[in-house]
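Read through the structure below, which is laid out as structure tokens, and then see the notes.
Order of appearance sets the numbers: ligands from 1, and atoms from 1 within every ligand.
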Amino acid sequence: MPDSRPNRPVVLVTGASSGLGLATATLLAANGYRVYGTTRRGSAATARDRGAPTLLKLDVQDDASARRCVNEVLQTEGRLDILINNAGYFLGGALEETSIAEARDQFDTNFFGVVRMIQAVLPHMRSRRCGQILIVGSMAGLVSVPFAGFYAASKFALEGLAESLRHELRPLGIRVVLLEPGFFRSGMTEATRRTTRRISEYDSAREGALGYMARSQQNGVEPATLARAILKVLSNPRPRLRYRLGPDARLLPLLKSALPQSLFEWGTRRAMRLGND
Ligand SMILES: NC(=O)c1ccc[n+]([C@@H]2O[C@H](COP(=O)([O-])OP(=O)(O)OC[C@H]3O[C@@H](n4cnc5c(N)ncnc54)[C@H](OP(=O)(O)O)[C@@H]3O)[C@@H](O)[C@H]2O)c1
């Protein structure tokens, strides 16, 4: 039965056509939130399943699209309480194989896409002196991964951004939270982009590392686990800045800081079959 309570919090989840975003949007809708998800394909992509969120068209790489999407929610609902920045993709390949255009594209979605959405919602949240902004970062923003340097760099950049933004928005009544998931089963493996250029000297190590990451995602945590964590964060009146989600996201950063660097690097080379040992 639809929830007819007034003042249900209004949430916008970017990248809600699959994986973590879809699970989050669906769980929040089932828990009384008024949820708008997004996809680059537009509302035609809205699933017909009951409980599936309404999907708005959004490409986070496009300034006008970001503003239009936020305005659509504001015009329909009169307010927006929560923004969940989830849209992103994974670019695999060695730094030398990556063109500047490919590297920029990775940042344009994973980093500037988040910036565009936050800039689009802030005038509204500032005027109401309330709001919550969640950013889906990654364990790769804490522990970098070989052959995904630009993906990791985009997530490291979000760490710095969120830490700073949290201070800027706190006096305005707007909360900022960073989620750091480890490996989760989602559409990300299929949506992975690979660099166009391939240099044969990297073949073995690159395929070892990217194969390890794809397998880890396929065997990863269910997206519903992240959705439940987000539901908990949203109901916490004093959320922390960072939440590490999944066993590997809790363990690997700990090992990185506790072990001697050489031992941690050796473990990474072994796990990812990078060779030279
Ligand atoms: N899965 C993991 O193991 C994992 C781990 C750590 C962090 N994360 C992060 O979690 C977030 C969600 O990823 P996922 O694993 O759920 O992958 P996914 O299943 O591939 O979902 C990615 C979503 O992002 C959207 N998207 C991609 N590019 C976009 C763009 N330019 N504009 C707007 N939307 C765009 C896609 O929507 P359309 O294609 O329909 O537009 C899709 O809904 C990402 O930020 C990812 O980096 C994932």
* **Mode of Thr109 contact toward ligand 1 - side chain, backbone, both, neither (heavy atoms, under 4.0 Å)** => side chain
* To do: State whether the shortest distance between N or O atoms of Pro181 and N or O atoms of ligand 1 falls below 3.5 angstrom.
  => no
* To do: May I ask you to check whether over 12 heavy atoms, not counting those of Arg273, lie within 6.0 Å of atom CZ?
  => no
* To do: Ignoring angles and geometry beyond distance, decide whether Asp59 reaches within less than 3.5 Å of ligand 1 through its nitrogen or oxygen atoms.
  => yes
* Asked: Between Arg193 and ligand 1, does any nitrogen or oxygen pair lie at a separation below 3.5 Å?
  -> no
* Verify the neighbour count for atom CZ of Arg128: are there more than 12 heavy atoms of other residues, nucleotides or ligands below 6.0 Å? => yes
* Looking only at protein heavy atoms, identify the closest one to atom 15 (O) of ligand 1 and say how far it is in Å. => Ser186 OG, 2.5 Å
* Pair Lys57 + Glu72: basic N to acidic O under 4.0 Å -> no
* Touching ligand 1 at all, Gly182? Heavy atoms, strictly under 4.0 Å? -> yes
* Asked: Under 3.5 Å, N or O to N or O, is Val60 touching ligand 1 that way?
  -> yes
* Asked: Any heavy atom of Tyr151 sitting closer than 4.0 Å to ligand 1?
  -> yes
* Asked: Looking at Ser17, which atoms of ligand 1 are within less than 4.0 Å of one of its heavy atoms?
  -> 36 (C), 37 (O), 38 (P), 40 (O), 42 (C), 43 (O)
* Report yes or no: does Gly113 have a heavy atom closer than 4.0 Å to ligand 1? => no
* Structure fact -> Logged contact type for Leu58 with ligand 1, heavy-atom cut-off 4.0 Å, is backbone
* Asked: Does a sphere of radius 6.0 Å around CZ in Arg198 hold more than 12 heavy atoms from other residues, nucleotides or ligands, not counting ones at 6.0 Å or beyond?
  -> yes
